[in-house]
Number of protein chains: 2
Amino acid sequence: MDLEKLFKPNSMAVIGISKKNPLSAGRIIFVKNEFEMNIKVYGIHPTGGELEGIKLYPKLDELPEIPDLLVIAIKAEETLQYVQYCADLHIPACIIIGGGFAEIGNEGLKRQEKLEKIAFDNDIAILGPNCIGVYSPPLIDTIFMPTERITRPPKGSVALISQSGGVLVDQFFVKFSERNIGVSTAVSIGNRAVVDEVMLLEYFSKIDKETSNIAFYLEGFKEGNARKFLQLAKESEDTVVTFFGGKTREGKVATQSHTASLAGNYKILSAALRQYQIIQPNSESELLTCLKVYDVLSHRKNPFGKNVITYGNVVIVSVSGGHGVIASDMLKKYGLNAVRLDRQEKKDLKELMNPSAREIASFNNPIDLTGSVVDTDIEDVVRYLSDIKRIECIILLLLPYPPNISFQIGRRIANIVSSKNKPVVCFVPYVSKYTLIIESLELAHIPVFHSIKEAVQAVSALKHRTRIDNVKKGNLFWV
Amino acid sequence: MDLEKLFKPNSMAVIGISKKNPLSAGRIIFVKNEFEMNIKVYGIHPTGGELEGIKLYPKLDELPEIPDLLVIAIKAEETLQYVQYCADLHIPACIIIGGGFAEIGNEGLKRQEKLEKIAFDNDIAILGPNCIGVYSPPLIDTIFMPTERITRPPKGSVALISQSGGVLVDQFFVKFSERNIGVSTAVSIGNRAVVDEVMLLEYFSKIDKETSNIAFYLEGFKEGNARKFLQLAKESEDTVVTFFGGKTREGKVATQSHTASLAGNYKILSAALRQYQIIQPNSESELLTCLKVYDVLSHRKNPFGKNVITYGNVVIVSVSGGHGVIASDMLKKYGLNAVRLDRQEKKDLKELMNPSAREIASFNNPIDLTGSVVDTDIEDVVRYLSDIKRIECIILLLLPYPPNISFQIGRRIANIVSSKNKPVVCFVPYVSKYTLIIESLELAHIPVFHSIKEAVQAVSALKHRTRIDNVKKGNLFWV
């Protein structure tokens with residue numbers, strides 16, 4: 001089944017365009033792709049005519065060309081006939097937005113089975129039903145919500161596949177944007193009647209060249225898919241990350257009525273995922289942090305170097321003692337270790353400081369440079385620590401409140417990191433006036449987090465990657 | 001010891017104003033109080049003269065009046081003589097900003113002991129040393145960082161006491177602002193040589209009338225303070241919330257060099273806190289959620305009624321199935337229970353919906369109104385659920401992405417909640433374009449959260465309050 005036409009079609013047609021209701025799903029999809037996206041779009045309407053100055057075609061077979069992709073946004077009862085047209089006209093890909101299939105029980109289940117039969121008999125890559133489809137910039141966007149209501153993430157290395165369209169658009173798009181995590185393609189699989197997690201894993205790991213990291217938000221595997229999924233993940237050169245909703249009994253009951261799936265026993269699943277080198281974050285925040293780090297590592301200009309190796313030996317640098325305490329608290333939870341600095345190192349660090357901070361700063365790990373810090377103190381300390389081999393990563397808690405920290409500090413740190421190839425992850429408060437500092441770091445591909453926890457998790461994400469790289473290279477069987 | 005002069009002084013003097021360095025701590029404090037705050041401020045400088053057009057006085061005893069409060073922002077070695085002046089001139093309150101005391105070891109420890117002796121012998125309420133002091137709007141702000149770098153929280157019911165100044169300004173001020181949690185007074189206690197957590201608990205619970213909720217961020221109790229603290233908390237009519245940094249071994253080592261305290265055994269402490277009706281959140285996010293909820297409950301216009309009673313029986317309403325799944329997942333973790341809706345209720349709810357959503361919506365709990373929802377669907381469903389007695393709280397996951405949800409939805413929900421006295425907590429994505437919706441709800445004192453987890457935690461916070469209210473009224477010994 002050729003999934004490329006789903007994500008990189010040359011042309012698409014939309015069915016379900018209301019002339020009366022400007023907020024109907026089909027019309028929103030048609031108009032946004034026509035005006036916003038870089039694809040040839042055809043609108044189908046039984047009475048033809050035009051909409052917002054664009055010609056509509058009364059029938060699919062009257063289009064000037066056979067489109068690569070058909071988006072169907074009409075009632076369930078009327079959907080199947082258009083799927084049949086896809087077969088008749090040899091349209092290779094189709095997205096079905098509407099619900100009314102397996103998720104509503106008996107009647108819908110039968111409908112979905114018919115749909116599956118047409119698809120598999122005719123080799124049509126059908127996405128959905130009951131989904132929001134695909135966001136594949138700059139080509140297509142089948143999300144039926146007005147674009148101005150959505151927060152779109154930047155372009156990047158992560159293929160994002162979600163069983164829930166709402167979670168994709170809200171939890172992921174919004175938080176990817178906050179964190180500047182880049183997406184190659186985002187996919188809502190809905191009831192995954194035809195195109196499912198296995199096909200998508202195969203496509204994104206073997207065919208799509210824009211993707212280096214593949215993230216799944218699932219409520220469970222489709223029946224019979226687990227083994228194939230694990231095997232594909234193991235063979236994949238991309239990093240595969242899975243996150244499961246519906247882990248508790250209550251959650252499971254919820255997923256049943258949602259997308260007609262049943263979350264399996266999570267503990268057994270979890271052990272298997274680990275064995276097959278799949279990253280499985282424990283929380284949404286861990287998931288986002290992993291993806292942020294792996295997106296940065298996938299960038300050609302990642303300042304940490306090609307093969308980052310960290311077993312979790314870190315140093316924490318802060319200008320607030322309390323922040324150091326909070327970060328230290330979290331190290332153990334994430335299996336990380338605070339590197340001990342020796343007497344000479346502490347002495348050297350002390351001498352790097354300006355005279356008023358020198359006497360009150362603390363050079364245990366966590367290092368507290370105090371509110372008397374100036375830019376050069378932070379620079380010199382980061383530069384010095386970068387040269388200590390047993391420190392694998394620096395967690396820099398960069399609070400711009402002290403009066404002598406300038407707004408140049410981001411750029412100044414960036415220059416050091418870029419020249420040293422030592423992983424540095426930063427915490428900077430998520431406050432709009434600090435955007436300049438955040439951007440200076442992010443432009444140099446230094447990951448910036450807006451909670452202390454996520455900065456610590458970032459090192460844990462690096463450690464996971466080291467483990468998996470080791471296993472995949474056969475260097476070490478460390479499971 | 002009279003703490004009122006620390007927080008509500010009629011006049012203050014500042015020592016440590018540099019004429020050369022506009023970013024010196026003392027000068028920042030002097031200038032910000034002179035120009036921004038509603039207090040009479042005197043600046044002391046050995047050479048007198050003036051600064052930014054304001055007269056400076058060469059000596060403390062040449063001021064036109066004896067100030068209520070002296071802020072000392074000079075080196076440790078020179079600090080004690082000014083503390084002695086406080087004694088000589090009968091200045092009742094003093095804040096010492098600088099470090100160089102117990103936290104640096106032996107020499108500093110001796111200095112701190114001398115300071116304590118002067119304070120206790122002369123009944124001077126000294127805050128610090130090694131602290132950022134007090135933010136008591138609209139009167140005083142002794143935070144030595146430029147105000148434009150800080151994010152100040154709104155005015156409200158929470159007295160916020162932190163052992164770490166950095167954590168106070170960054171972790172709390174920024175996040176209180178994001179969540180619209182109101183502060184009565186914020187205090188950084190630093191080394192708490194004289195004024196400590198026990199004195200502050202007593203002051204805020206017995207004397208300060210603006211405060212209804214008292215939150216402590218501590219790394220441990222001061223030696224010998226635990227028992228007094230517990231007893232005061234138990235007697236307090238205010239809600240007392242404590243959160244401890246430095247729970248792990250690594251964290252503890254960090255706190256020692258930070259503010260010269262040692263975190264005790266956390267497990268024993270935790271059991272004691274619970275027994276004395278002190279709320280102890282497990283994470284920073286829980287802490288913030290608790291304070292948000294209690295700040296709302298403390299408002300005269302809180303829409304949930306005077307005595308909120310909830311044992312955690314909730315209904316979840318969403319327009320995205322996936323969001324319902326995530327929220328359901330979390331109920332168990334927080335000891336909450338999804339109320340089962342009976343056949344008639346589900347039928348009634350279905351009939352309230354618009355025709356296109358009706359067939360695809362799901363009325364199990366979590367309720368999924370789907371992306372086909374319109375404003376009146378949400379209104380009618382919330383109104384109907386509000387009248388079901390066994391539902392104690394509604395968690396409304398309000399995603400404004402579906403095209404037919406209008407930007408009036410916040411106001412419309414607010415009107416229903418205000419008339420029903422049924423607790424409703426909302427999740428709305430933290431995206432600037434949704435500010436109108438968020439504000440509509442917040443203006444009606446309906447707590448809005450920006451993560452699903454925090455919305456669920458909010459109900460848990462209500463449940464904790466119910467438990468404590470029950471115990472305090474002697475209705476039930478439920479520990």
Side-chain angles (χ1 to χ4, degrees), chain A residues 23 28 99-100 104 144-146 148-151 162-167 169-171 174 219 245-251 253-255 257-259 318-326 328-329 331-333 338 359-360 362 364 366 368 370-371 399-404 429-431 433 452, chain B residues 23 28 99-100 104 144-146 148-151 162-167 169-171 174 219 245-251 253-255 257-259 318-326 328-329 331-333 338 359-360 362 364 366 368 370-371 399-404 429-431 433 452:
Chain A
L23 297 178
I28 289 174
I104 62 157
F144 63 81
M145 302 150 205
E148 65 276 12
R149 294 195 175 215
I150 306 291
T151 303
S162 174
Q163 201 166 341
S164 162
V167 170
V169 166
D170 179 59
Q171 299 291 297
V174 171
E219 288 155 4
K247 286 180 199 173
T248 62
R249 194 181 58 81
E250 289 76 8
V253 173
T255 60
S257 62
H258 175 37
T259 40
S318 176
V319 302
S320 150
H323 285 69
V325 172
I326 293 174
S328 292
D329 261 10
L331 291 184
K332 200 176 178 185
K333 180 176 173 189
E359 296 310 316
I360 51 175
S362 158
N364 293 318
D368 175 11
T370 79
L399 303 165
Y401 308 118
N404 290 298
Y430 192 57
V431 175
K433 56 192 161 190
I452 302 173
Chain B
L23 297 178
I28 289 175
I104 62 157
F144 62 82
M145 302 151 207
E148 65 277 12
R149 294 195 175 214
I150 306 289
T151 303
S162 174
Q163 201 167 340
S164 161
V167 170
V169 165
D170 178 59
Q171 300 292 296
V174 171
E219 288 154 6
K247 287 178 196 172
T248 62
R249 191 182 58 80
E250 289 76 9
V253 173
T255 62
S257 61
H258 177 36
T259 41
S318 176
V319 302
S320 150
H323 284 70
V325 171
I326 293 174
S328 291
D329 262 11
L331 291 184
K332 200 176 177 183
K333 179 175 174 190
E359 296 311 315
I360 51 172
S362 159
N364 294 315
D368 175 12
T370 79
L399 303 165
Y401 309 117
N404 290 297
Y430 191 59
V431 174
K433 56 191 161 193
I452 301 173

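On a predicted model such as this, the values are computed, not experimentally measured, just so you know. Below, chains carry the letters A, B, ... as their sequence lines are ordered, and counting in each starts from 1.
Among A:Gly99, A:Gly166, A:Ser162, the residue making the largest number of heavy-atom pairs under 4.5 Å with chain B is A:Gly166. Contact count versus chain A (heavy atoms, under 4.5 Å) is highest, among B:Gly100, B:Ser318, B:Gly371, B:Pro400, for B:Pro400. Chosen from A:Asp170, A:Leu399, A:Val319, the residue pairing most often with chain B at heavy-atom distances under 4.5 Å is A:Asp170. Counting heavy-atom pairs closer than 4.5 Å to chain A, the top residue among B:Ile360, B:Asn404, B:Thr370 is B:Asn404.
Contact of the A:Asn364 side chain with the A:Ser362 side chain is registered, since non-hydrogen atoms from C-beta on lie closer than 4.5 Å. Put simply, the side chain of A:Tyr401 reaches to within 4.5 Å of the side chain of A:Pro429, judged on heavy atoms.
When all heavy atoms are compared, the tightest approach of B:Gln163 to B:Glu219 is OE1-N, 2.7 Å.
Interface residue B:Val431: only side-chain heavy atoms are found under 4.5 Å from chain A.
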Would you check, one step at a time, whether the test side-chain contact (heavy atoms from CB on, under 4.5 Å) holds for A:Val167 with B:His323? CA-CA 6 Å; A:Val167 170; B:His323 284 70; 4.1 Å; yes
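The side-chain contact (heavy atoms from CB on, under 4.5 Å) check on B:Ile28 picks up A:Pro403, B:Leu23, B:Lys32, B:Pro146, with sequence neighbours excluded.
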